Structure formats: structure tokens, C-alpha cells
There are 2 protein chains.
Amino acid sequence: MKSISKAVISRLPRYYRYLGELKEEGIERISSGDLSERMHVTASQIRQDLNNFGGFGQQGYGYNVSYLYDEIGKILNLDKDHSMVIIGAGHLGQAIANYANFEKRGFKVIALFDKNPEVIGKIVRNVEVLDIDGLENYLNNNKIDIVALTLPKEQATKIADTLVACGIKAIWNFAHTDLELPDDVIVENVHLSESLMKLAYNYGEIENR
Amino acid sequence: MKSISKAVISRLPRYYRYLGELKEEGIERISSGDLSERMHVTASQIRQDLNNFGGFGQQGYGYNVSYLYDEIGKILNLDKDHSMVIIGAGHLGQAIANYANFEKRGFKVIALFDKNPEVIGKIVRNVEVLDIDGLENYLNNNKIDIVALTLPKEQATKIADTLVACGIKAIWNFAHTDLELPDDVIVENVHLSESLMKLAYNYGEIENR
DNA sequence: TAGATTGTTAATCGATTAACAATC
DNA sequence: TAGATTGTTAATCGATTAACAATC
């Protein structure tokens, strides 16, 4: 099976979001042309993207919204549950723990960790903040799918090695650094400062024209 | 002047980060070849990217780290101050307000807004949380460069229109929706749920191989 | 059936990589 | 000067768009 390009994957969650909205609006079917207008992408791209995974539509009819929504959900593994641990219980860690929609999609936060005694023991959305010293032991005794790293880069690098040693395969990295880990460990980076710099560049350009 | 491609812009902050690290390590010069090894990109791409903005290097020598760092900073507008207002003083809003490094780069949070009486009046990093009802008046009387939207999508859409009406040209959008705004308003999206879905897809692929 | 719209191939466009002459 | 490394042009690769036959 030829692997799917990164560009395609990165568009799937957006399709999923729009289809969810269409579903909520009670719309049963949609053509690539109509969806293209809503999403401001070409109809060609929508059809090409979807056909990487199979023929979800029907000639002369279009796509069944509910069916396509479910299918994209399956592709994105949203039909399975994912246990998640958050390391770093500062505002960012707590923001993620509190975000209800993740749980709706099967992402279940089952523990937070921190080294700060002031937050250890605190309950965030029914989940206790545990002492980081117990992390290794915890990981060895619980099946964890995803670890979110919401702590400063100095600590993130070291903790990431521990995670890999404990067999963690998926890391959601908010620390401002690139983790250098083995190939079979997936890292998804959220670099907020880089996002903000892009914004600074782009609005600077607008001002000068 | 031909405009620079999005792909190039999105790589600049990462170059900037690596150059900052090199500076801290006390390294004075670096060749595209050496930088390419550190960053895991091709030397060709580095040279192509940089030459969109001018010749920053010198044949036979490479690039002066400190000089290149400053030049990329200028391109990204980091040599200017940017006043920022955060709307939504929940955990995510507070996380951003608290992030010290932004201030180092010239991004100054000068107000937070919320509609929740329990947080209004609270001081976050020397900045007061104000009542959202006073937003329009505030924007009309203060020069604000960037507004961060860290609130639910239902509210974000409405607030975004207010922002545009008040002349805001740069929005850092954390709400899970695409804001439909005039062309001269720059929106930089941070869609955390889409990032998490990409991670779910990718580590699912690893498991199946 | 006729119209609509997909699935898919072919054409275009843009971005990345390779190569090398220029030059420090 | 000789070696190193850039700046830049040319070649390749991949992604997007256009076109249309297949088919519901």
C-alpha cells in the first residue's frame, strides 16, 4: 500500500470538522462542489484526497454526510479510545485536560504529572495531579497511548527519553524544541511561538502594501 | 517584489530557533551543510530559503550566526514591539499570558478579557482581566496589534466581527472554527484538536506496520 | 432516460533537490 | 593561492488542478 502524503493527512481533520457541522445542520448529502465552496478549497482536491482511502461517494449523488464523517473518523482512529497522560500541570496542561471535546473523540486524560508540590494532589477535571517522581512506575503499570508534554524545553528533552524507555509511541509536544527520538515514536509538535512569529510576519506584510 | 511562499515563511521561525541555540552555545559561524545536519533538512533548502531575502552568507565562510539571527528576526518583525490582547481568560488564555518568552520577542500582553465575573478583576502576570463588555471601547482607545482568541467557537465568531469593526488586523485564533473575515485581516489558526487527530492517525499507522 | 457528479487520468504548477560557477 | 562554501540556475519530484469518461 502506497503511503498517504502528509499534506493529505493534515487536511483530513478539517474535512471531519466541516462534515460534523453539516451533520449538525441536518444536511444529509453534499457534493464535492458544494463542500469546496464552504471550505474554500477546490472540488478536485476534495475528490483526490478522499480517493486515497476509497470511493466514498456516488456518481450523480455526491457524498452521504453521515457516512463520510464516520469513515474519516475511522481513518483518523477516532473510533478507538486513546488514553492520555499530561506531563506539566501548568495552565497549558490544565487547558488540555479541561477540553471536553477531546473526550468526545475518544481521548481520555487519565493522569497529570508535575514536580511542583503546590499542584501535586490537585484535582483537574476528576483527574489527580501526580508527582513526577512516580512517572516511570506509573507508565510501566498502565497502558498509555499518548503523552502530552506541556513543560519547559529543558525538562521536556529528558522526560521524552524516559517516555521512550517506557515504550510510549506517541508524544504531543508543546515544548519549544524538537525532540530527537527513534523513528517508531511519533511526535506531533505544537510550537506556539512559531505560530505567533508567522502571524507577526504576515501582518507586517499587509501593513507594507 | 515577488511574494515569498508560505512554505518558506513557515520554516523561518525554526531557523530562528536553531540560530538562537547556536548563539547560546557560543558558535560564531555555521555553514548550510552543518546547519542542515542539525535541523534534518537539506543544505540546498536552507540556502534557497535564505536567498529569498538576500545574501546573508559569504562564500568559503558560511553564515555569521549572530548576524543571520538578527536578520531573520527583522524579517519576522521581531525587532518591533507588538501589543496583544487576549480574549478568554481560561487556562489557555492564561497560559499564553504567562509565557515569558513571548515578551522577550516583543509581544506584550496588555489586557485580558472575559465575561465570567469570577475571573474579571483577577491579575495575571501584572495584567488585569477586564469585562468583555468594555472590549469595543478599549480597542477604540488603545493601539492593539494582535488579538488572541482563546474562547469557545460560538463566541469567537461574533467577537471576531467586533474586532474587525474596530480595525484589528491580526488575530491568533485558538477557537475550533475558521473565521471568515476580510482579506486584509490576518488570521493564524491554532487548531489543537486537529493536531491531536493527526497524531492519532500517525501512531495508528505505526502500529499497523 | 437525462442530468449530475464521482473517480481517475493527464496537465500544470510549485517546491525541493542537485549541480556548479562565482567568489571569499 | 587553494579550499570551502555560497548564490543561483537547472533538473527532479510531488502536489494541485483540470478534464472527462464512467456511472448512478
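Throughout, a chain's letter reflects where its sequence line sits, starting with A, and its residues are numbered from 1. What you are looking at is a predicted structure, and each value in this text was computed from that prediction instead of being measured.
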**Message:** Any salt bridge linking A/D145 with A/K169? Criterion: basic side-chain nitrogen under 4.0 Å from a carboxylate oxygen.
**Reply:** no
**Request:** Go through D/dA15, C/dG7, C/dT23 for me and flag the one nearest to the A/S5 side chain.
**Result:**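 Within the option list, the nearest is D/dA15.
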**Prompt:** Looking at the side chain of B/R47, which of D/dC24, C/dC20, C/dA22 is the nearest nucleotide?
**Reply:** C/dC20
**Request:** Indicate, with a heavy-atom threshold strictly under 4.0 Å, whether A/S31 touches base, sugar-phosphate, or nothing.
**Result:** sugar-phosphate
**Asked** Checking all strands, does A/R29 fall into the base, sugar-phosphate, or nothing category for heavy-atom contacts under 4.0 angstrom?
**Response**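 Result for A/R29 = nothing.
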Is [X] near enough to [N] that one of its side-chain N or O atoms lies under 4.0 angstrom from OP1 or OP2?
{"X": "A/Y63", "N": "C/dG7", "answer": "yes"}
{"X": "A/Q45", "N": "D/dT16", "answer": "yes"}
{"X": "A/R11", "N": "D/dT16", "answer": "yes"}

In whole Å, I'd like the distance from the [atom1] atom of [X] to the [atom2] atom of [N].
{"X": "A/I46", "N": "C/dT5", "atom1": "CD1", "atom2": "P", "answer": "13 Å"}
{"X": "B/Q59", "N": "C/dC24", "atom1": "CD", "atom2": "P", "answer": "6 Å"}
{"X": "B/L50", "N": "D/dG7", "atom1": "CG", "atom2": "C1'", "answer": "11 Å"}
{"X": "B/N51", "N": "C/dA22", "atom1": "CG", "atom2": "P", "answer": "16 Å"}
{"X": "A/I30", "N": "C/dT5", "atom1": "CD1", "atom2": "P", "answer": "11 Å"}
{"X": "A/F56", "N": "D/dT23", "atom1": "CZ", "atom2": "C1'", "answer": "19 Å"}
{"X": "B/D34", "N": "D/dA4", "atom1": "CG", "atom2": "C1'", "answer": "11 Å"}
{"X": "B/D49", "N": "D/dG7", "atom1": "CG", "atom2": "C1'", "answer": "13 Å"}

**Request:** Kindly indicate whether the side chain of A/Q48 and the base of C/dT6 share any N or O donor-acceptor pair separated by less than 3.5 Å?
**Result:**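 Answer is no: no donor-acceptor pair is held.
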**Asked** Has the side chain of A/S44 got a donor or acceptor atom sitting under 3.5 Å from an opposite partner on the base of D/dA18?
**Response**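 Yes.
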**Spatial distance of atom CG (A/L22) from atom CD1 (A/I27) [nearest 0.5 Å]** =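 That separation rounds to 5.0 Å.
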**Prompt:** At what distance, to the nearest 0.5 angstrom, does CG of A/L179 lie from CG of A/L149?
**Reply:**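 Nearest 0.5 Å value for the CG-CG distance: 6.5 Å.
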**Message:** Both A/Y61 and A/T42 contact DNA chain D. Which one's nearest nucleotide lies toward the 5' end?
**Reply:**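 So the residue in question is A/T42.
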**Prompt:** Which word best sums up how the rings of B/H176 and B/H191 line up, parallel for under 30°, tilted for 30 to 60°, or perpendicular for over 60°?
**Reply:**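 B/H176 vs B/H191 ring planes: perpendicular.
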**Complete:** When both distances are under 3.5 Å in a Watson-Crick or G-U wobble arrangement, the nucleotide paired with C/dC24 is D/dG3
**Prompt:** Which nucleotide, in any strand shown, forms a Watson-Crick or G-U wobble pair with D/dA10, with both distances under 3.5 Å?
**Reply:** C/dT17
**Request:** Would you indicate whether A/N141, at its atom CG, is surrounded by more than 12 heavy atoms from other residues, nucleotides or ligands within a distance under 6.0 Å?
**Result:**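 Yes, enclosed.
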